[in-house]
Amino acid sequence: MPVAKQAEISPAEGKLGVLLVGLGAVSTTFIAGVEAIKKGFAQPIGSLTQMGTIRLGKRTDNRVPLIKDFVPLAQLKDLVFGAWDIFPDSAYDAALNAGVLEKELLGQLKEPLRKIKPMKAVFDQTYVKRLSGTNVKTGKNKFELAQQLIAEIAEWKKKNRCSRLVMIWAASTEIFLKPHAVHKTLDSFEQAMRDNHKAIAPSMIYAYAALKSGIPFANGAPNLTVDIPALMTLADKNKLGICGKDFKTGQTLMKTIIAPGLKSRMLGLHGWYSTNILGNRDGEVLDDPDSFKTKEESKLSVLEYILQPEVYPTLYKDFSHVVRINYYPPRGDNKEGWDNIDIFGWLGYPMQIKIDFLCRDSILAAPLVLDLALFLDLAQRCGMKGVQEWLSFYFKSPQTAPGLYPEHDIFIQLMKLKNTLRHLRGEDLITHLGLEYYD
Ligand SMILES: NC(=O)c1ccc[n+]([C@@H]2O[C@H](COP(=O)([O-])OP(=O)(O)OC[C@H]3O[C@@H](n4cnc5c(N)ncnc54)[C@H](O)[C@@H]3O)[C@@H](O)[C@H]2O)c1
């Protein structure tokens, strides 16, 4: 991802097409939200690109512009949405079905939402066992399906008069896949697509089609997808940004806020038990053990990396970390996440923290989709290619360069993101040393 200080940034001219794989709860809440904000019905709460500021220079300089005024981001009025889904429902019907936003609000957004009809999906039930749908492409093999996507993307771009595109995976979580030998090189990957190899999941076919079409790609689910050497090489070769995995919302967001605080005070941890009840389609998909395994891996890694038991064995060696998700239909998208945290302090005295987060999954995820679309597009216009680690802030399981451990601490992630923006604009990085105030 190297990029020069004060990089040349080409302007955000023309329309930016946001291609969403999956037109479910997260995607429709995102699209409807942008339309509502455009009409002045609501504020973009939760979006760093729209509401965040960035301090520049010294604390005494009083330079604190909005991020969107500091870097040239695409404007909301220039966003155009496209999607694929295995169900043919328009964004309006899919949003009603997801049940996240009130009917009254959706009624006011009917016109733009009705126009968004999902393209036929690349789907295989082997990878998402709990779903089956009819709006699905057919083809001789996975390579041919990828070619269909590539042709469709080119046509969509032309029809919607977009100057640039980004693609975001907001479709269901696929079953757990380990990296396979066929993922190693682009040649072996393409051959495996022709051979209909099991190691090539639908999400990889979309990512391949995006990267072949010159489109940066973000992965909002925990699937392996673009986190494989073949697709990382393709991204590098075509000078495109990629990032993932798994939007950081709900319980993991809380974990990456609280764990760094406990560690900063050198408080120990005996165990962290997390459980969720969730009743949306995502919850239904995650009720399948193979899909849950993918999610579990993504959720479990967070504490190990933040707490560093190998560096602080007295505090964090062998802590117990359990994560459960229970599908409970009455709750719909309004997830409840409980955490029981067993900590210990001075002289080893035990204490407990209980968190009961009554959250709304898609309300937390939607602004992340917006920020990722805008920042990935910015990265593209700055010539930033490959893994965009500065966007780790948005992910539960941040993708990094091979061999590099991910940074999970949300405060470090935010500092990294803002310093990247300062770097791009040729501003001094902020280290918080601040000795100059006491000279
Ligand atoms: N909401 C959150 O807070 C959150 C956080 C982190 C990750 N995620 C992930 O984001 C994804 C979307 O979540 P959601 O709540 O919108 O789920 P959802 O079930 O409401 O929507 C997913 C949609 O993807 C479609 N789909 C599945 N496979 C597809 C394919 N191969 N091609 C095209 N469409 C396909 C489904 O038909 C469904 O409509 C899930 O993987 C979820 O785990 C969500």
Side-chain angles (χ1 to χ4, degrees), residues 19-32 46 82-91 93-101 118-137 142 145 149 152 167-175 200-207 209 218-223 225 244-254 276 278-288 291-299 302 325 327 332-335 337 357 359-369 372 394-397:
L19 289 172
L20 298 154
V21 189
L23 190 58
V26 171
S27 292
T28 56
T29 307
F30 156 63
I31 300 172
W84 292 271
D85 205 286
I86 66 169
F87 301 110
D89 300 347
S90 72
D93 292 319
L96 278 179
N97 185 41
V100 178
L101 301 176
M119 298 175 266
K120 283 191 174 175
V122 173
F123 182 74
D124 179 341
Q125 213 184 4
T126 318
Y127 302 88
V128 184
K129 299 216 175 71
R130 296 285 157 100
L131 292 185
S132 69
T134 51
N135 196 41
V136 174
K137 287 187 176 27
K142 296 180 179 182
L145 289 170
L149 282 176
E152 193 167 49
M167 189 187 289
I168 300 182
W169 176 273
S172 312
T173 301
E174 295 175 328
I175 57 167
I200 310 287
S203 61
M204 293 174 186
I205 304 176
Y206 285 100
N219 181 12
N223 326 313
T225 312
K245 308 187 283 257
D246 209 4
F247 300 128
K248 176 148 88 176
T249 59
Q251 203 163 48
T252 310
L253 173 66
M254 286 298 139
N276 299 273
L278 174 65
N280 61 14
R281 192 184 282 154
D282 187 31
E284 192 180 351
V285 167
L286 294 172
D287 208 36
D288 168 55
S291 285
F292 176 67
K293 168 94 176 124
T294 316
K295 199 60 144 184
E296 190 184 28
E297 292 277 321
S298 157
K299 283 175 168 267
V302 169
I325 298 179
Y327 177 52
D333 199 65
N334 297 349
K335 181 162 83 181
F357 189 14
C359 68
R360 293 173 189 263
D361 245 12
S362 303
I363 294 293
L364 291 168
L368 311 194
V369 182
L372 282 166
Y394 294 104
F395 297 109
K396 278 193 192 78
S397 179

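Ligands are counted one by one from 1 in listed order, and the atoms in each one are counted from 1 as well.
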Interfacing atoms of ligand 1 (cut-off 4.0 Å, heavy-atom, A365): 1 (N), 2 (C), 3 (O)
Starting from atom 30 (C) of ligand 1, what is the nearest protein heavy atom, named by residue and atom, and what distance separates them? V122 O, 3.7 Å
Looking at K137 and E152, does any basic side-chain N land under 4.0 Å from a carboxylate oxygen? yes
Quick one: nearest non-hydrogen protein atom to atom 27 (C) of ligand 1, plus distance? S172 OG, 3.1 Å
Provide the number and element of each atom of ligand 1 under 4.0 Å from a heavy atom of A170. 11 (C), 12 (C), 22 (C)
Can you check which of Y394, Y206, F123 brings a heavy atom nearest to atom 33 (C) of ligand 1? Y206
Mind checking whether F292 and I325 have side chains closer than 4.5 Å, heavy atoms only? yes
Can you label the angle between the W169 ring and the Y206 ring as parallel, tilted or perpendicular, going by 30° and 60°? perpendicular
Quick check against the 3.5 Å criterion: does E174 have a side-chain atom that pairs as donor or acceptor with the backbone of A201? no
R360 bridged to D333 by N-O distance under 4.0 Å: no
Within the 4.5 Å heavy-atom criterion, are R281 and F87 side-chain neighbours or not? yes
For atom 26 (N) of ligand 1, closest protein heavy-atom neighbour: A171 CB, 3.7 Å
How far is atom 9 (C) of ligand 1 from its nearest protein heavy atom, and which residue and atom name does that atom have? G220 O, 3.7 Å
Rounded to the nearest 0.5 Å, how far apart are CD1 of I200 and NZ of K142? 6.5 Å
Nearest neighbour in protein (non-hydrogen) for atom 20 (O) of ligand 1: A25 N, 2.9 Å
Protein heavy-atom partner closest to atom 17 (O) of ligand 1 - residue, atom, separation in Å: D282 CB, 3.7 Å
Is there a side-chain contact between I363 and L101 (heavy atoms, below 4.5 Å)? yes
A student checking ligand 1 against V26 at a 4.0 Å heavy-atom cut-off should list atoms 1 (N), 13 (O), 14 (P), 15 (O), 16 (O)
Drop me the distance from L23's CG to I31's CD1, to the nearest 0.5 angstrom. 5.5 Å
Min side-chain heavy-atom separation F247-L372 under 4.5 Å: yes
Distance under 4.0 Å to a non-hydrogen atom of F87: what atoms of ligand 1 satisfy this? 37 (O)
Counting heavy atoms only, which of T29, T249, D124, L286 is nearest atom 5 (C) of ligand 1? T249
Under 4.0 Å from one or more heavy atoms of T173, ligand 1 contributes atoms 40 (C), 41 (O), 42 (C), 43 (O)
Considering non-hydrogen atoms of the protein only, which is the closest contact for atom 19 (O) of ligand 1, and what is the distance? R281 CB, 3.2 Å
May I ask whether L131 has any heavy atom positioned less than 4.0 angstrom from an atom of ligand 1? yes
Can you list the ligand 1 atoms lying under 4.0 Å from a non-hydrogen atom of A221? 41 (O)
At less than 4.0 angstrom from any non-hydrogen atom of K396, what atoms of ligand 1 do you find? 5 (C), 6 (C)
Side-chain contact test, heavy atoms from C-beta onward, threshold under 4.5 Å: evaluate it for F123 versus L131 and give yes or no. yes
For atom 37 (O) of ligand 1, closest protein heavy-atom neighbour: D85 OD1, 2.7 Å
Of all the atoms in ligand 1, which lie at a distance below 4.0 Å from a heavy atom belonging to D246? 6 (C), 7 (C)
Compare all side-chain heavy atoms of I175 with those of V128 and state whether any distance is below 4.5 angstrom. no
